[in-house]
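First the structure, in the form of structure tokens, and then the observations on it.
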Number of protein chains: 2
Amino acid sequence: MSPARTARALARETITREILDSARARLGTDGAAALSLRAVARDVEMVSSAVYRYFPSRDALLTALLIEAYGELGHAAESADAGVTDRSDTAARWLATFRAVRRWCVAHPGEFGLLYGTPVPGYAAPRDTVDPATRVVRVLVRIVGDAYAAGARPPVVPAAAATTGTVAPALAFIAEHGLMAEPDLSDDELPEVVRRALMAWTALFGVLSFELFGHLVGSVTDPEAWLDQVALRLAADLGIQA
Amino acid sequence: MSPARTARALARETITREILDSARARLGTDGAAALSLRAVARDVEMVSSAVYRYFPSRDALLTALLIEAYGELGHAAESADAGVTDRSDTAARWLATFRAVRRWCVAHPGEFGLLYGTPVPGYAAPRDTVDPATRVVRVLVRIVGDAYAAGARPPVVPAAAATTGTVAPALAFIAEHGLMAEPDLSDDELPEVVRRALMAWTALFGVLSFELFGHLVGSVTDPEAWLDQVALRLAADLGIQA
DNA sequence: ACACAAACGAGAGCAGCGCTCTTGCCAAGG
DNA sequence: CCTTGGCAAGAGCGCTGCTCTCGTTTGTGT
């Protein structure tokens, strides 16, 4: 892809990396909305206008950070799930994924704010970011699907089934992206699996957002243990067990 | 409290109200982080420095907006719960509260971003905001507590009870704030009620945050119906029913 | 009724921001 | 060798939050 590694190309690569690293560092201290291109320019000891040789605008820099962060978070979730050798132990895969997602988010609060916080006013995420953004929920769908395929079911069939006939949210999701690896599910089970996994991902995100944005300061003393409790509660409500 | 309603005090009240309204309008269009004091000054046709007569800083203006928004959201939740005449129909109270919270958040996305989005970099919410911020979860705690007191229980007692011995999150919450109205619960049930309600509030927030911040665009077609499904699912998992 | 103090609006000014444009330098390729 | 193009630097535009000063208006105690 780059056969002619000229000195100029190499320098460009290095400086681009430096800019991204400085931007991510400032993301953690100042927040995404207040990310100052001039500040990162000072960090890498350049004049602000010189940075525009590498990123045409502040939004382009944000997009690069966005894609990088989504990739890291998705990779953390996927490798955590893949790290459980006993693939039938869906409960262990579930908990490992939850913990890995939290670990990355807690380690990178600035990037978390960029990904899931208030959208930057004038900025709209390009199409390139929607696919890496769905990697975490795809892992959860896969785990729930595996558990369902292995016979796991929620403890009770609730009365909520009455509403599934009127509306079918979360179905365009699975229709558009082929994110199921387990075809051993009936047409009735598949939407329910997707719905449940999406709800669980939403709940996981809610816990992390509350923790990282400081909404649990007075109520939860140990956020790590709290997330474990939420993960186990969701797993129990989904019928996932070893 | 103010027997001498001088013309100046009246004018101050009116102009303060105008500033707050303009700020809330700009909150919806520009976002909380980009809220410009100069812009609201132009809206109310004043010089920027004149606004400082009413709010000593941009942070103080944000705090005023924060308290006002928390109050409105809390009032929406409380009045929705109180609007259900049959107090024993905890399922109806549950759903009404969820819908009211969503209605307010969807109607005020800018305020939602201020309350629950990325924290404004240099800004730290003062102590005055923690109490109004807990009004929604207090409503949920009360509903779950009423349901439990009436005999409702989760369908299964899950294995997650093993972890409750090691850590006790969400207990300082109920210890510090006296937010229970139902004393008909044992010492074992009380923490579980608080935990469950806090998890439900977290899940509700996650759904709203995903919807308002645009993370459901490709996956959920009807957010209103989706929130109903989540509410019913949570109620079923909690054992809440009419 | 008068005077003093507080509150107020307006304006200038400071430092910082994103971004654009121009200028001059230096490496890469024909 | 010499032209092309990437590169850093600087000036400049309009914007931001905030501070200070100035002259005016308003409320109040004597």
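All values derive from a computational prediction rather than experimental measurement. Residue numbers begin at 1 in each chain, while the letters A, B, ... track the order of the sequences.
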Return the value, rounded to whole Å, for the distance between atom [atom1] of [X] and atom [atom2] of [N].
X	N	atom1	atom2	answer
Asp59(A)	dT20(C)	CG	P	11 Å
Arg58(A)	dG16(C)	CZ	P	18 Å
Ile15(A)	dG6(D)	CD1	C1'	11 Å
Asp43(B)	dT16(D)	CG	P	11 Å
Arg42(B)	dG14(D)	CZ	P	13 Å
Met46(B)	dT25(D)	CE	C1'	16 Å
Glu45(A)	dC7(D)	CD	C1'	17 Å
Leu35(A)	dC19(C)	CG	P	11 Å

Out of [options], which nucleotide sits closest to the side chain of [X]?
X	options	value
Arg53(A)	dG27(D), dT22(C), dC18(D)	dT22(C)
Ser36(A)	dC17(C), dG10(D), dT21(D)	dC17(C)
Ser49(B)	dG18(C), dA10(C), dC8(C)	dA10(C)
Leu37(B)	dG17(D), dG6(D), dC8(C)	dG17(D)
Arg38(B)	dG11(C), dG9(C), dT16(D)	dT16(D)
Ala39(A)	dG9(C), dC17(C), dA7(C)	dC17(C)

Ionic contact status for [Y] with [X], cut-off 4.0 Å:
X	Y	answer
Arg26(B)	Glu111(B)	no
Glu72(B)	Arg135(B)	no
Arg102(A)	Glu211(A)	yes

Looking at [X], does any N or O in its side chain come under 4.0 Å of the phosphate oxygens OP1/OP2 on [N]?
X	N	result
Tyr54(A)	dA8(D)	yes
Arg12(A)	dC7(D)	yes
Ser48(A)	dC19(C)	no

is_close_aromatic(Trp201(A), Phe210(B)), centroid dist under 6.0 Å:
yes

Would a distance-only check, ignoring hydrogens and angles, find a side-chain to backbone donor-acceptor pair under 3.5 Å from Thr97(B) to Ala80(B)?
no

By nearest nucleotide on DNA chain C, pick out whichever of Arg8(B) and Val47(B) is the more 5' one.
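In this pair, the answer is Arg8(B).
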
